[in-house]
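Ligands are counted one by one from 1 in listed order, and the atoms in each one are counted from 1 as well. Because only heavy atoms are used, hydrogens play no part in the values below, and waters and symmetry mates are left out as well, while side chains stay in.
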Amino acid sequence: MGKILPEGEGEVQEYVDICDYAVGLSRIMSGKVIPSERPGHMLLEQWNPMGIIGVISAFNFPVAVFGWNQALALVGGNATLWKGAPSTNLASVAVTRIVADVLERNNMPGAVSSLVCGGADIGQLMAEDKNVNVLSFTGSTRVGREVGLTVQRRFGRSILELGGNNAIIVMNDADLKLVVPATVFAAVGTAGQRCTTTRRLLLHEDIHDTVVERVVKAYKQIKIGSPLEPGVLCGPLHTKAAVQQYKDAIAAAVAQGGKVIHGGNVLERKGNFVEPTIILASPNMPIVKQETFVPILYVMKFKTFEEAVEINNSVDQGLSSSVFTKDTTNLFKWMGPHGSDCGIVNVNIPTSGAEIGGAFGGEKETGGGRESGSDAWKQYMRRSTCTINYSDQLPLAQGIKFE
Ligand code: UN1
């Protein structure tokens with residue numbers, strides 16, 4: 001899709017990791033045993049397959065995101081029907097061929113992991129089709145809203161992984177030598193096209209100028225070019241439309257009072273290359289509340305931790321968030337009820353680059369879905385609550401006498 005080779009390899013590793021995880025998980029997909037209120041009875045939970053899991057994945061993670069869904073779906077006894085992004089069909093076909101080989105060697109039917117290549121029309125059919133028991137959708141909030149409604153209308157289950165507008169908060173006690181590489185990786189990695197990309201950098205007023213200076217210095221060293229060339233950190237944007245969105249967002253930011261302090265230009269060469277951009281902004285500028293899927297970083301200043309949390313939470317999206325601090329009081333506040341309202345709440349690491357072991361996903365317009373680790377597997381399963389009477393009496397629940 002245009003990401004640099006080390007990130008592409010990382011993405012394939014993420015698929016390998018979730019497969020390892022799922023193999024172990026398959027032995028511990030356990031339900032609860034619950035005491036009954038009735039003598040001679042017991043309750044237990046059995047997790048059964050849902051059936052067919054539809055997966056609609058996005059261009060930016062054309063391999064790993066399918067992997068997260070497929071590995072959990074398969075160990076749960078389901079089959080998958082996958083539609084990748086129409087612009088990354090080669091990746092979808094390559095993955096499916098590898099999976100097909102594994103299935104054949106294990107005498108499993110190929111239909112266990114089916115692929116369809118197509119656009120929004122196929123996605124629409126998947127959302128409407130009652131045979132697709134669960135539909136996992138990764139993409140924009142705009143499309144995800146429609147997918148969610150369509151699936152809900154037929155009482156299907158959806159897992160939505162939609163837009164993010166992720167912030168890094170840097171407190172005045174932060175270890176700045178961690179902040180700079182973390183920000184560069186999360187804001188420029190995958191050319192700003194991860195849902196977990198850092199789009200907002202919130203700096204305490206005491207360290208604002210120092211961090212800005214260091215981040216700009218780091219940006220000056222970023223090599224832009226062919227994603228396959230060693231040393232390149234920023235490859236092209238995926239489409240011409242994204243280049244236009246980059247230009248529009250910068251123009252809007254400037255019109256709303258923002259100041260471009262690094263980058264801001266489309267490169268005059270073949271391919272959709274743009275300069276990673278840093279813009280001094282303020283939290284009330286409408287553009288900073290939007291997710292623009294390009295490498296633009298909005299920098300904002302704050303005075304107190306509480307103010308920074310408020311800015312973090314002031315957007316409609318709720319995927320990922322990070323604070324850099326050594327203060328344990330702020331650290332625990334950040335994780336608690338008055339802290340970050342996101343699904344991913346990090347400390348002293350960037351907003352992107354989540355491990356598969358935890359549940360991945362976010363709140364509000366991010367859609368509420370959770371994928372990969374923790375108990376995300378339960379979404380691919382049907383819970384059967386089983387009550388077993390092993391006595392020779394028939395007592396009724398709630399002590400009801402029906403005589
Ligand atoms: C995405 O951008 O849709 O946390 C997924 C990360 C990656 C996954 C991103 N592990 O940045």
Side-chain angles (χ1 to χ4, degrees), residues 1-4 6-21 55-72 82-85 87-88 91-92 95 136-144 147 158-168 181-200 233-235 237-238 242 291-295 297 317-322 340 342-363 365-374 376:
M1 54 64 70
K3 68 177 69 176
I4 61 170
E7 288 190 85
E9 287 169 345
E11 171 166 3
V12 173
Q13 184 60 47
E14 202 162 342
Y15 196 157
V16 173
D17 290 345
I18 193 75
C19 288
D20 284 347
Y21 177 91
V55 182
I56 300 179
S57 58
F59 78 85
N60 67 331
F61 271 81
V63 172
V65 170
F66 171 65
W68 294 348
N69 286 280
Q70 183 218 28
L72 299 186
W82 178 26
K83 187 190 90 61
S87 55
T88 55
S92 309
V95 166
S136 171
F137 173 85
T138 305
S140 69
T141 294
R142 187 183 57 80
V143 177
V147 170
S158 58
I159 302 172
L160 300 175
E161 212 63 78
L162 314 176
N165 189 352
N166 318 296
I168 289 180
T183 304
V184 175
F185 171 68
V188 180
T190 326
Q193 300 167 109
R194 290 194 190 209
C195 52
T196 49
T197 292
T198 299
R199 309 205 176 278
R200 299 177 295 145
L233 286 187
C234 185
L237 289 176
H238 194 61
E291 180 195 44
T292 311
F293 225 52
V294 299
L297 180 67
Q317 307 84 354
L319 180 56
S320 186
S321 56
S322 303
S340 167
C342 295
I344 298 174
V345 181
N346 292 339
V347 180
N348 297 328
I349 63 159
T351 56
S352 67
E355 305 176 15
I356 56 95
F360 182 97
E363 305 302 333
E365 291 199 356
T366 302
R370 290 296 187 278
E371 290 172 329
S372 78
S374 186

Between Ser322 and Thr351: side-chain donor-acceptor atoms closer than 3.5 Å: no

Distance-only polar pair, side chains of Trp82 and Ser92, donor-acceptor under 3.5 Å: no

Ser372 versus Ile356, closest heavy-atom pair with distance: OG-O, 3.3 Å

Pairing of Glu363 and Arg370 as salt bridge, 4.0 angstrom limit: yes

Residue contacts for ligand 1, heavy atom to ligand atom, distance under 4.0 Å: Glu14, Asn60, Phe61, Trp68, Arg194, Cys195, Thr196, Ser352, Gly353, Ala354, Phe360

Partners passing ring-ring contact (aromatic ring centres under 6.0 Å, His included) against Phe61 (at least two apart in sequence or in another chain): none

Arg200 side-chain N/O to Asn165 backbone N/O, donor-acceptor pair under 3.5 Å: yes

